[in-house]
Colleague: 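A single structure is presented below for examination.
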Amino acid sequence: MFPVLQITIILSMHKQAIGVFDSGIGGLTILRALRKALPHENFIYFGDTANVPYGGKSKAMVTRLATAVAQFLQTQQVKLIVVACNTASAQALPALSKSLSVPVMGVIAPGAQAAVSATKNHKIAVLGTQGTIESRAYVKAIKKHNKKLRVFQQACPLFVPLAEEGFAHKPAAELIAREYLAPVQKSGADTVILGCTHYPILKEMIARVLGRKISLVDSAETLAQAVKSFLKTHRMTAVAGRRGSLKLYASDDPQKFSRSAQKLLNEKVARATLKKLTL
Ligand code: DGL
């Protein structure tokens, strides 16, 4: 490649945004870590609020929805897409990598890595949506690190609506958590993966129910570091200077989505734009 052309491509990469998506507000827990680790990057976040939850949908449907969102992000000239949704990462990542021309990163491998580093008794429990648990994506990712690790799985389908409805601190949420988490406590795992990006919203309550001896891990920090090193390796990092911008899209009720985003990101955000998906 001619050096001038190469420099022009690198410079435009610096300005391009990183696309991030989830079925709803859950992926904002990932975006929060990304904004912290990469303050100069521009981000475009898409919450597929018209189709939340993804967790109980078939693999074919999740793949269809994730592809439609990712293709929209691709039209926004993003330089990288982060699938900030465990269900979509577990079920659609290979299809997305195949059909897109931009690089794609998911949340399963970073979450598994965080858990493998944290466990001391070699027993890990995974909490996730029905789709994530049935895919066994975490079990496979953990066993890749170490075949001898014991992995216990628990689907927690009601956690997503509780997080979406702002029920994180209500007694009803704790009652439900006690039901889901009793077998997790029985499993003897010393490390629990919050294998759905909505679950960190309920982290305080989950920690209270499980007790202090159990480490709760999620993908956010490890993924943010992986994105940082990916950008560096591929010379795609934004030039340091002003704080990067943030543009939000939602496929339904952008006002409600914007309010949740402001609260979760703890920063003032511009109102989300409504973007209906073409399936
Ligand atoms: N937050 C997503 C996940 O990490 C999706 C939850 C859902 O829509 O069911 O799995």
Side-chain angles (χ1 to χ4, degrees), residues 19-34 45-70 81-93 95-96 104-112 114-115 125-139 141 153-168 173 176-177 180 192-203 206 216-224 248-253 256-257 260-261 264-265 277 279:
V20 182
F21 78 91
D22 179 43
S23 59
I25 60 172
L28 293 166
T29 60
I30 298 285
L31 181 66
R32 190 167 56 194
L34 286 168
Y45 183 95
F46 193 105
D48 189 10
T49 45
N51 295 300
V52 67
Y54 281 6
K57 292 187 168 61
S58 68
K59 182 177 175 177
M61 181 49 91
V62 172
T63 305
R64 212 164 140 203
L65 293 168
T67 305
V69 177
I81 293 179
V82 173
V83 185
C85 171
N86 288 264
T87 313
S89 298
Q91 297 188 321
L93 202 59
L96 290 176
V104 194
M105 287 173 88
V107 286
I108 304 286
V126 183
L127 310 181
T129 64
Q130 205 75 48
T132 300
I133 296 305
E134 276 167 15
S135 75
R136 296 179 62 79
Y138 271 108
V139 180
Q153 296 201 100
Q154 175 70 43
C156 310
L158 292 172
F159 278 179
V160 171
L162 288 172
E164 286 280 335
E165 292 306 317
F167 265 52
I176 291 166
Y180 285 147
V192 173
I193 302 178
L194 301 178
C196 168
T197 54
H198 280 73
Y199 299 177
I201 298 169
L202 309 173
K203 190 172 182 175
I206 295 173
L216 293 182
V217 300
D218 62 61
S219 310
E221 296 297 322
T222 319
L223 172 86
L248 301 174
Y249 288 95
S251 51
D252 192 21
D253 203 345
K256 183 179 172 200
F257 180 78
S260 308
L264 273 171
L265 295 172
L277 288 179
L279 293 176

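Each ligand, and each atom within it, is numbered from 1 in the order the structure gives. If you're wondering where the values come from, they're calculated on a predicted model, not measured in any experiment.
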Colleague: Give the contacting part of Asn86 toward ligand 1: side chain, backbone, both or neither, where contact means a heavy-atom distance below 4.0 Å.
Modeller: both

Colleague: Does atom OH of Tyr249 have more than 12 heavy-atom neighbours from other groups under 6.0 Å away?
Modeller: yes

Colleague: Do side-chain atoms of Thr87 reach the backbone of Tyr54 as a donor and acceptor pair under 3.5 angstrom?
Modeller: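 Checked: no pair found.
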
Colleague: Heavy atom under 4.0 Å from ligand 1: found in Cys196's side chain, backbone, both, or neither?
Modeller: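 Near ligand 1, Cys196 shows its backbone as well as its side chain.
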
Colleague: When only distance counts, is Gly55 in polar contact with ligand 1, meaning an N/O pair under 3.5 Å?
Modeller: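 Looking only at distances, the answer is yes, because the N/O contact criterion of under 3.5 Å is met.
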
Colleague: Under 4.0 Å from a heavy atom of Ser23: which atoms of ligand 1 are those, numbered in the order shown and with their elements?
Modeller: 5 (C), 6 (C), 7 (C), 8 (O)

Colleague: Is atom CD of Gln154 surrounded by more than 12 heavy atoms (other residues, nucleotides or ligands) closer than 6.0 Å?
Modeller: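 Yes, because the 6.0 Å sphere around CD of Gln154 holds more than 12 heavy atoms from other groups.
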
Colleague: Counting heavy atoms only, which of Phe159, Tyr54, Tyr199 comes nearest to atom 7 (C) of ligand 1?
Modeller: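 Minimum heavy-atom distance to atom 7 (C) of ligand 1 goes to Tyr54.
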
Colleague: Rounded to the nearest 0.5 Å, what separates atom CG in Asn51 from atom CG in Asp252?
Modeller: 9.0 Å

Colleague: Could you grab the distance from atom CD1 of Ile30 to atom CG of Leu223, nearest 0.5 Å is fine?
Modeller: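 Spacing of CD1 (Ile30) from CG (Leu223) equals 5.5 Å.
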
Colleague: For atom 10 (O) of ligand 1, find the nearest protein heavy atom and state the residue, atom name and distance (0.1 Å precision).
Modeller: Thr87 OG1, 2.6 Å

Colleague: Is Thr129 touching ligand 1 with its side chain, its backbone, both, or neither, if touching means heavy atoms under 4.0 Å apart?
Modeller: side chain

Colleague: Are any of the N or O atoms of Asp22 closer than 3.5 Å to those of ligand 1?
Modeller: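 Among all N and O atoms of Asp22, at least one is under 3.5 Å from an N or O of ligand 1.
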
Colleague: Please determine whether side-chain hydrogen bond (donor to acceptor under 3.5 Å, both in side chains) holds for the pair Asp253 and Thr49, giving the CA-CA distance in whole Å, both sets of side-chain angles, and the decisive distance to 0.1 Å.
Modeller: CA-CA 7 Å; Asp253 203 345; Thr49 45; over 6 Å; no

Colleague: Hey, what's the ring geometry for Tyr199 with Phe159, parallel, tilted or perpendicular (30° and 60° as the breaks)?
Modeller: perpendicular

Colleague: Could you tell me which atoms of ligand 1, counted from 1 in the order shown, lie closer than 4.0 angstrom to a heavy atom of His198?
Modeller: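 Heavy-atom distances to His198 below 4.0 Å select 1 (N), 2 (C), 6 (C).
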
